[in-house]
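These numbers come from the heavy atoms of this one structure, side chains and all, not from hydrogens, waters or symmetry mates. Order of the sequence lines sets the chain letters (A, B, ...), proteins ahead of strands, with each chain counted from 1.
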Amino acid sequence: MVHQSEIQQALADWFAVNARDLPWRRAQTPYTTYLSEILLQQTRVDQGLPYYERFVRLFPTIQDLAIAPRDEILKAWEGLGYYSRARNLHRAATEIVERFDGRIPDQENDLKSLPGIGDYTASAILSIAYGQPFAVVDGNVIRVLSRLTTFAGDVNTSAARRQLKTLATDLLPDDNPGAHNEALMELGALVCSPRSPSCEICPVSKFCGAYSIGRQEDFPVKTKKRPVPHYDIAVGIITSDDSRILIQKRLDTEMLGGLWEFPGGKREGAESLKETCARELMEELGITVDVGKALTPVKHAYSHFKITLHGFYCTIESGEPESDAGRQLDWVVKENISKYAFPSANRMLFDELGIDSGD
DNA sequence: AAACCGGGGGC
DNA sequence: GCCCCAGGTTT
């Protein structure tokens, strides 16, 4: 890359002054680096921050994470999304204790052998925690480098990702590669933003190809996403004679795996929502119910589809609830429901049900 | 290579 | 509404 050492220096100087005061930078250890990187995958720093504080408080060491019940980790993760990260975090912590004597590995192959650690996270840990020369390529780096070099490839392709990894590696300094990686990401987060970047205060604008032609927002080049489908979901609020509500646990193999929810499912064809509710409760639990009053519908967007969640008060007419797929069931009093980890859409029904959110 | 996997904030 | 975020895993 042209002006390589000048860009390195400008980035380092800028970062020395503008780096945010973040908790995993204050008391940095391999564990805090690992934990923060997992929490921040596809997650903005501002959103991950309270979760990081919670996790270092609940699980100060990798051993604490390894011996914790998984449900406890999922509960602490509740609301952050991409719950496979929490499941993998628990598995990886166990493996780190067993295979690596409780130390976060400092070898690329060892790190990548752990669940939840791919190329980005391995490079981040190796460079930031261990000072090794591995370049990171995250969303920020993609944006900064594609603008600097007017990179024309579609960054959603693996070929383009490889080229950007090479670019990032070329730009990596021998001295303090970890700080350089952090600086590049910090610049992407604070200055080189997706829309309306602050080029007038950017330390590397004079080296930026996109800025020189006034086309900052034309990079990175990426293909448009397909429109996402919408589904109606009907769930039953089933209450026992002693005022306990029936909830079930999602399987690990399902989306939102390991979280608890009100039983129900997706509307099929032209059936009514009440029919959906009755059919799903028969299929999943083997019970016939009387579907009563509806709760206020809740809209929610996932990454690849949208739903409207319809809750119905239901009364069992016949049968005893038994899961069709070995899902765990539980009858819970309202006061205890907040001890279970629920998906956000389910939680949006809590208020109307008189359930305390617990936070 | 492409699909799948959450939730929230900014515009 | 749409886009994007300190990406990884599965198919």
Side-chain angles (χ1 to χ4, degrees), chain A residues 19-20 22 24-25 32-52 74 77-89 91-92 111-125 127-129 134-144 154-162 164-165 168 178 180-190 192-197 217 220 222-230 250 252-259 261 298-307 341-348:
Chain A
R20 284 171 290 184
L22 300 172
W24 49 88
R25 287 177 179 160
T32 62
T33 302
Y34 165 56
L35 181 60
S36 64
E37 291 301 342
I38 300 299
L39 282 164
L40 294 177
Q41 286 169 2
Q42 291 298 102
T43 304
R44 292 176 203 282
V45 166
D46 290 342
Q47 190 189 358
L49 248 170
Y51 287 86
Y52 176 83
L74 279 170
W77 200 278
E78 184 184 44
L80 194 58
Y82 283 123
Y83 297 92
S84 64
R85 291 183 292 168
R87 302 195 300 271
N88 287 334
L89 180 67
R91 286 174 52 206
L111 284 169
K112 286 187 177 175
S113 75
L114 294 166
I117 299 185
D119 190 73
Y120 165 80
T121 305
S123 296
I125 294 171
S127 63
I128 297 171
F134 287 82
V136 299
V137 179
D138 73 330
N140 291 307
V141 174
I142 288 171
R143 195 166 52 253
V144 172
D154 176 354
V155 300
N156 287 331
T157 67
S158 53
R161 296 299 181 102
R162 279 195 298 276
L164 288 163
K165 175 82 177 183
H180 169 86
N181 282 334
E182 288 198 85
L184 212 45
M185 293 190 282
E186 196 83 334
L187 187 72
L190 299 182
C192 194
S193 46
R195 273 172 292 189
S196 305
E217 297 203 44
K222 52 183 65 176
T223 52
K224 302 220 171 194
K225 286 177 184 168
R226 305 290 301 173
V228 297
H230 173 273
R250 296 183 64 87
D252 281 8
T253 50
E254 299 175 307
M255 178 177 157
L256 305 167
L259 275 67
E261 66 180 2
V298 163
K299 290 183 183 301
H300 187 68
Y302 294 96
S303 49
H304 53 296
F305 60 91
K306 300 174 182 179
I307 66 165
F342 276 75
S344 287
N346 267 256
R347 285 179 64 88
M348 287 192 259

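Summary of the strand contacts: A:Gly81 and A:Ala159 both lie near DNA chain B, and taking for each the nucleotide with the nearest heavy atom, the more 5' one is attributed to A:Ala159. In terms of position along DNA chain B, the nucleotide closest to A:Asn156 lies nearer the 5' end than the nucleotide closest to the other residue of the pair A:Asn156 and A:Ser84.
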Inset, instruction - Take A:Trp24 and A:Val45, measure what side-chain contact (heavy atoms from CB on, under 4.5 Å) needs, and give me the verdict at the end. - result: CA-CA 11 Å; A:Trp24 49 88; A:Val45 166; 4.0 Å; yes
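Within 4.0 Å (heavy atoms only), A:Thr121 reaches sugar-phosphate atoms of the nucleic acid but no base atom. A:Trp77 comes within 4.0 angstrom of no nucleic acid atom, judged by non-hydrogen atoms across all strands. Among the atoms of the strands shown, only primed sugar atoms or phosphate atoms (P, OP1, OP2) are found under 4.0 Å from some heavy atom of A:Met255. Residue A:Lys112 is classed as having no contact, given no heavy-atom separation below 4.0 Å to the nucleic acid. Residue contacts for A:Leu256: at a heavy-atom cut-off of 4.0 Å it reaches the sugar-phosphate backbone alone, with no base atom in range.
Out of B:dG6, C:dA6, B:dG7, the shortest distance to the side chain of A:Arg20 is found at C:dA6. Distances from the side chain of A:His304 to the nucleotides C:dA6, B:dC4, B:dG8 place B:dC4 closest. Side-chain proximity of A:Ser303 to C:dC2, B:dG6, C:dA6: nearest is B:dG6. Of the listed nucleotides (C:dG8, B:dG7, C:dA6), C:dA6 has the atom at the smallest distance from the side chain of A:Glu182. Residue A:Lys222 has its side chain nearest to C:dC4 when only B:dG6, C:dC4, B:dC4 are considered. Taking the side chain of A:Asn140 as heavy atoms from C-beta on, and the options C:dG7, C:dA6, B:dG10, the nearest nucleotide is C:dA6.
No donor-acceptor pair closer than 3.5 Å links the side chain of A:Arg87 to the backbone N or O of A:Gly258.
A donor-acceptor contact under 3.5 Å is formed by the side chain of A:Arg44 with the base of C:dC4. One can find a donor-acceptor pair under 3.5 Å joining the base of B:dG6 and the side-chain atoms of A:Tyr82.
Of the N and O atoms on the side chains of A:Arg143 and A:Asn140, at least one donor lies less than 3.5 Å from an acceptor on the other residue. Between the side chains of A:Lys165 and A:Ser123, a donor-acceptor pair is found at a separation under 3.5 Å. Using modelled atom types, one finds no donor on one side chain facing an acceptor on the other under 3.5 Å when comparing A:Glu78 with A:Tyr83.
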